[in-house]
Amino acid sequence: MPFGKEYIEESLAKYQAFAIQQNATLEARLKARPETVHLGQHIADELAHPGKLLRPALTLASFGVFSNGNPPNRECLAAAHALEVFHTFVLVHDDVIDGSTRRRGRPTIQKRIEESLGIPSENAGHLAIVLGDILFGYAIDLLSSPGVEMSLVGPLQQHLAAVTEETGLGEALELTFLHRDLPSVEEEEIREVYYLKTTRYTIEAPLWLGGLAAGVSAENLAPLKEFARPIGLGFQLENDLHEASLPRSRFGRLAYDFQTGVKTLFLRRLYEDLEISKRSELLETLSQCQGNPQALDHLYDLIHSTKTLDQMRSEVDQCFDQARKWIPQSPYLEREKQGFALLAEFISSKRKHSEAAA
């Protein structure tokens, strides 16, 4: 079959050349005004330091599956880069909300702004939000850049707009949980957040955009929800487990979610798995975690007093198995089914948190 690991690697090389060219054009526009050169440089620096490129890779791979291994066209490259830029926009805003100081092995953009301009962290965060908004505008613009087939501009932009809306709703819903007691946040509520803020733009969006660029209708892409949903859940659970699995020496420094009140499925399960007498102890500890090494150290002990980590690691594997079992009974061509099987393995190989080795 023409689609496989080699196809993804060759397509990613083409994508990266395309992204460099497009980013250079944006950088030139941003630096055309002398008074804002330094701000344009921060955006250029953010784009020049990508993560593991999972979303572009999935967009390119989806195109390969649906085009029988044809090289990615201009529409696919533009969609892949738009999604990666959108991802960067989301991370910029997330880091401001979370108060994170590091991302992808270096200071976050608001931290770099704070240090380079010598301004208070709050003002640096406000600036980072606005620069993130510029990145979102850039993502939308990419989908109508020169060379993109006009008949596909509408469907591509409409899909990214829908993903933006639902991702935003997921982020907003998660924020409404921050000041609720952990026991009051139901597991189904957390699962819905995971679907909106992770599955929709990390798994579904690349598959849809790649398929649309290959000429597949949205109607014929709809069955892929059954493939994407369990994979998206597994991907987010793996992200939860990254912080929960940190060694004690790094837990207090990198366990951001536990310090900011985020209600993860892992925390909800931990609460249920603890002895009843220990549940109030967990809630009290969580209320004291922000900037408190002693509380974080105690939380680490509570986490490792249960089998929650092991059970949820097994659940991640079950999520990917569920997606694999759907493939044979899906309505797609045999060669496309083979492509999805390879895609499931590819996503599984990339499911570790981007800073797992940090």
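The structure displayed is predicted, hence computed values, not measured ones.
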Which pair of heavy atoms, one from [X] and one from [Y], lies closest together, and at what distance?
| X | Y | result |
| --- | --- | --- |
| Leu309 | His304 | CD1-CE1, 3.7 Å |
| Phe266 | Met312 | CA-SD, 3.4 Å |
| Gly232 | Ile203 | CA-CG1, 3.8 Å |
| Ile231 | Ala323 | CG1-CB, 3.5 Å |
| Thr108 | Ser100 | OG1-O, 3.1 Å |
| Ala213 | Asn73 | O-ND2, 3.0 Å |

Is any side-chain heavy atom of [X] closer than 4.5 Å to a side-chain heavy atom of [Y]?
| X | Y | result |
| --- | --- | --- |
| Ser62 | Leu209 | no |
| Gln338 | Leu342 | no |
| Pro155 | Trp208 | no |
| Asp240 | Tyr194 | yes |

With the threshold set at 4.0 Å, does a side-chain nitrogen-carboxylate oxygen contact exist between [X] and [Y]?
| X | Y | value |
| --- | --- | --- |
| Arg74 | Glu149 | no |
| Arg180 | Glu189 | yes |
| Glu281 | Lys278 | yes |
| Lys307 | Asp273 | no |

Legend entry - For Gln236, the option from Thr264, Thr199, Thr198 that meets side chain to side chain donor-acceptor pair (under 3.5 Å):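 Of all the options given, the one that passes is Thr198.
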
Please tabulate, one pair per line, all N/O donor-acceptor pairs under 3.5 Å involving side-chain atoms of residues 122-135, not counting sequence neighbours.
residue, atom, partner, partner atom, Å
Asp133, OD1, His93, NE2, 3.3

Can you list everything that forms a side-chain contact (heavy atoms from CB on, under 4.5 Å) with [X]? Sequence neighbours excluded, please.
| X | value |
| --- | --- |
| Val153 | Ser144, Val148, Met150, Gln157 |
| Arg112 | His42, Asp45, Glu46, Arg106, Pro107, Ile109 |
| Thr164 | Phe86, Phe136, Leu160 |
| Pro331 | Pro223, Trp326 |

Answer with yes or no whether the hydrophobic clustering places [X] together with [Y]; edges join I, L, V, M, F, W, Y residues whose side-chain heavy atoms lie under 4.5 Å apart.
| X | Y | answer |
| --- | --- | --- |
| Leu91 | Leu254 | no |
| Leu83 | Leu54 | yes |
| Val163 | Leu233 | yes |
| Val262 | Leu270 | no |
| Leu182 | Leu302 | yes |

Legend entry - Phe235/Phe320 under ring-ring contact (aromatic ring centres under 6.0 Å, His included): CA gap, chis, key distance, verdict: CA-CA 9 Å; Phe235 197 84; Phe320 281 88; 7.9 Å; no

Under the salt bridge (charged side-chain N to carboxylate O under 4.0 Å, His left out) test, residues paired with [X] that sit two or more places apart:
| X | answer |
| --- | --- |
| Asp95 | Arg103 |
| Arg200 | Glu166, Glu204 |
| Glu187 | Arg191, Arg269 |
| Asp141 | none |

Inset, instruction - Keeping to residues at least two apart or across chains, list the side-chain hydrogen bond (donor to acceptor under 3.5 Å, both in side chains) pairs with something in residues 8-22. - result: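 Applying side-chain hydrogen bond (donor to acceptor under 3.5 Å, both in side chains) to every pair that reaches into residues 8-22, excluding sequence neighbours, yields Tyr15-His81.
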
Inset, instruction - Give a yes or no on whether the ring-centroid distance for Phe251 and Phe258 is below 6.0 angstrom. - result: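 Yes, they do, as the ring centres are separated by less than 6.0 Å.
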
In a table with atom names and distances, give each donor-acceptor pair under 3.5 Å that connects a side chain of residues 168-177 to protein atoms at least two apart or in another chain.
residue, atom, partner, partner atom, Å
Thr176, OG1, Leu173, O, 2.5

Legend entry - Gln318 and Gln322 side chains, donor-acceptor separation under 3.5 Å: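 Side-chain D/A pair, Gln322 to Gln318: absent.
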
Result block: side-chain N/O donor-acceptor pairs under 3.5 angstrom for residues 214-221, not counting sequence neighbours:
residue, atom, partner, partner atom, Å
Ser217, OG, Asn220, N, 3.2
Ser217, OG, Asn220, ND2, 3.3

